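Structure first, then comments.
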Protein chains: 2
Amino acid sequence: MTDAKPMRADARRNYERLLAEARRAFAERGVDASLEDIARNAGVGIGTLYRHFPAREDLVETLLRERFDTQAEKARELLVAEDPLEALYAWLIGFGETSAVYRGLTEMLADAFDDPESRLHASCDAMRDAASQLVDRAQAAGVFRTDVTVQELLLLLHGASWAGSHLPGTGGTERLMALVFTGLQTSEQRGQRAVSAPR
Amino acid sequence: MTDAKPMRADARRNYERLLAEARRAFAERGVDASLEDIARNAGVGIGTLYRHFPAREDLVETLLRERFDTQAEKARELLVAEDPLEALYAWLIGFGETSAVYRGLTEMLADAFDDPESRLHASCDAMRDAASQLVDRAQAAGVFRTDVTVQELLLLLHGASWAGSHLPGTGGTERLMALVFTGLQTSEQRGQRAVSAPR
DNA sequence: TACTATACGGAGGAACCCTCCGATTTGTCA
DNA sequence: TGACAAATCGGAGGGTTCCTCCGTATAGTA
């Protein structure tokens, strides 16, 4: 887990510059942004970019890892929350935001889920495991459908998050996710309370 | 609406060949398939492809138009079906299938929805208008939430369809769409009946 | 058959991907 | 401090795809 060797000063500097520039480019143009542009704007040769990040996925993964870890951590915290349903919902909203940071990320994440070789796969996996316990707890409490797998849940909410980001105005993502979530509670719960009131 | 002038025989022949090859390529490799490959495999020069279809979107649009028209037609038929909720659900399932024919179509369709200049936009619009009446009817009957717009509905189901296609095995799409649909019925309906029983 | 509108097809410039390797820089040790 | 080796840099270059432009070929017509 520890970095085997500390990077040389120039390497570290360029690494940081590339990350900063990639963050900007992906936010502006989506995850398909030109890598040559990123290298140029970071004031670095294209070779340098490829040495630090052999594949586009590595770049995305590095940028997302922090968020993924945060999500996994959040899941652990929410595991002791009072209300299992509220806890799961709160976590999913965060997940939705994470999965919509860059345009085009949706497809990339879904592919990473499918492909164990993918660089993003490991990060996704860790997050999914954390979420899994949250789901188990809600299901055990009888407030969440037991015929839905974690994978289905995440994929579906991911899709809802994506759909929301294509809606005009703000709040679309949370709204659509809430709508979907409603359908996933057990029938008794659905009638009795709303986890969140879509506007 | 009528074709202004009939195409020359060779033009028509190449046009058809390109469509057939594009259908194959998009199905195999998604909507990002190489246009030069398509032209080559159709036994036609790249220039010919671009004359018939100035943009990739034009090619996709031509292939999808038929499906879109079918969907719009189906909406009109279902308008007189006995059960408004069943009718809407049946239509949405068909919509989900249509929106998942080619890998990568999801993003393209969403962009077309947003951009009125897009070649796909007109086709989408016609379909949405047809769906709109189906939704109105279900809402008037008090069985479908009134705080959901047609755009939200289509985008959300489109997302569910996409999510389903990333699930292993078959039937994922219909299953996820059913889950989402459940959450969109009015509370009374949700408790009373299931439109379709997800496995 | 001859003529013209129509259609064909590929050369070519631009953007991007990714690899490879000679040049440069950093950190260290005497 | 100076010199050396390991680490790093950066861009030339080969490949792919996109799209345009225009000289050549062909279908349809009189």
Side-chain angles (χ1 to χ4, degrees), chain A residues 2-22 24-26 28-63 102-104 107-108 111 117-120, chain B residues 2-22 24-26 28-63 102-104 107-108 111 117-120:
Chain A
T2 59
D3 294 330
K5 293 172 192 173
M7 274 173 148
R8 228 172 69 172
D10 53 348
R12 168 110 251 144
R13 177 171 43 79
N14 287 336
Y15 180 85
E16 300 294 354
R17 281 188 189 168
L18 282 168
L19 275 186
E21 189 53 38
R24 235 174 50 81
F26 288 163
E28 268 175 30
R29 296 197 252 277
V31 288
D32 288 330
S34 157
L35 296 183
E36 300 206 313
D37 275 352
I38 291 176
R40 196 175 316 118
N41 291 331
V44 147
I46 185 65
T48 300
L49 184 150
Y50 275 96
R51 196 165 345 88
H52 284 300
F53 307 99
R56 180 183 297 275
E57 255 192 356
D58 294 295
L59 199 41
V60 176
E61 197 252 348
T62 305
L63 290 176
Y102 305 126
R103 200 164 59 79
E107 282 292 343
M108 197 178 239
D111 289 345
E117 301 301 312
S118 158
R119 197 80 172 72
L120 274 167
Chain B
T2 58
D3 292 331
K5 293 171 193 173
M7 276 171 146
R8 229 171 68 172
D10 53 348
R12 168 111 252 145
R13 176 170 44 78
N14 287 337
Y15 180 85
E16 300 294 355
R17 280 188 189 170
L18 282 168
L19 276 185
E21 189 53 38
R24 235 174 50 81
F26 288 162
E28 266 176 30
R29 296 198 252 278
V31 288
D32 288 330
S34 157
L35 296 184
E36 301 207 310
D37 276 352
I38 292 176
R40 195 175 318 117
N41 291 330
V44 146
I46 184 66
T48 299
L49 185 151
Y50 275 96
R51 198 169 340 91
H52 284 299
F53 308 99
R56 171 181 242 95
E57 252 191 359
D58 295 296
L59 198 42
V60 177
E61 198 253 347
T62 305
L63 290 175
Y102 305 127
R103 201 163 59 80
E107 283 291 343
M108 198 177 236
D111 288 345
E117 301 301 313
S118 157
R119 197 79 172 72
L120 275 166

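These values consider heavy atoms only, across backbone and side chains, with no hydrogens, waters or symmetry-generated copies. All values reported here derive from a predicted model rather than from experimental measurement.
In summary, contact between chain B and DNA chain D, defined as any nucleotide atom under 4.0 Å from a heavy atom of the protein, begins and ends at D:dT17 to D:dG28 in the 5' to 3' direction. In summary, contact between chain B and DNA chain C, defined as any nucleotide atom under 4.0 Å from a heavy atom of the protein, begins and ends at C:dA5 to C:dA11 in the 5' to 3' direction.
Between A:Asp37 and A:Arg29, some side-chain heavy-atom pair lies under the 4.5 Å cut-off. Between B:Leu63 and B:Val60 the shortest side-chain heavy-atom distance does not fall below 4.5 Å.
DNA chain D is contacted by both B:Ile46 and B:Arg8; B:Ile46 maps to the nucleotide lying nearer its 5′ end (nearest heavy atom per residue). Position along DNA chain C of the nearest nucleotide to A:Ala9 versus A:Gly47 favours A:Gly47 as the more 5'-ward residue. With DNA chain D read from its 5' end, the first of the two nearest nucleotides for B:Arg13 and B:Glu36 is the one closest to B:Glu36.
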Under the salt bridge (Lys or Arg N to Asp or Glu O under 4.0 Å) rule, what do A:Arg24 and A:Glu28 come out as? Steps first, then yes or no, please.
CA-CA 6 Å; A:Arg24 235 174 50 81; A:Glu28 268 175 30; 3.3 Å; yes
Begin with the C-alpha distance, continue with both residues' side-chain angles, and end with the deciding distance and a verdict on salt bridge (Lys or Arg N to Asp or Glu O under 4.0 Å) for A:Asp10 and A:Arg13.
CA-CA 5 Å; A:Asp10 53 348; A:Arg13 177 171 43 79; 5.3 Å; no
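A donor-acceptor pair under 3.5 Å is absent between the side-chain atoms of A:Asp111 and the main chain of A:Met108, judged by distance alone.
For DNA chain C, the neighbouring residues in residues 50-60 of chain A, judged by any heavy atom under 4.0 Å, are A:Tyr50, A:Arg56.
Atoms CD and CZ, on B:Glu57 and B:Arg119 in that order, are 9.0 Å from each other to the nearest 0.5 Å. For the atom pair B:Asp32 CG and B:Tyr102 OH, the distance stands at 13.5 Å (nearest 0.5 Å). The CZ atom of B:Arg40 lies 11.5 Å from the CG atom of B:Leu49; values are rounded to the nearest 0.5 Å. Atom CZ of B:Phe53 and atom OG1 of B:Thr62 lie 5.0 Å apart (nearest 0.5 Å).
Taking the six-membered ring for Trp and thresholds of 30 and 60 degrees, A:His52 and A:Tyr15 have ring planes more than 60 degrees apart, a perpendicular arrangement.
Using a 4.0 Å heavy-atom criterion, one finds that A:Thr48 contacts the bases of the nucleic acid, with or without backbone contacts as well.
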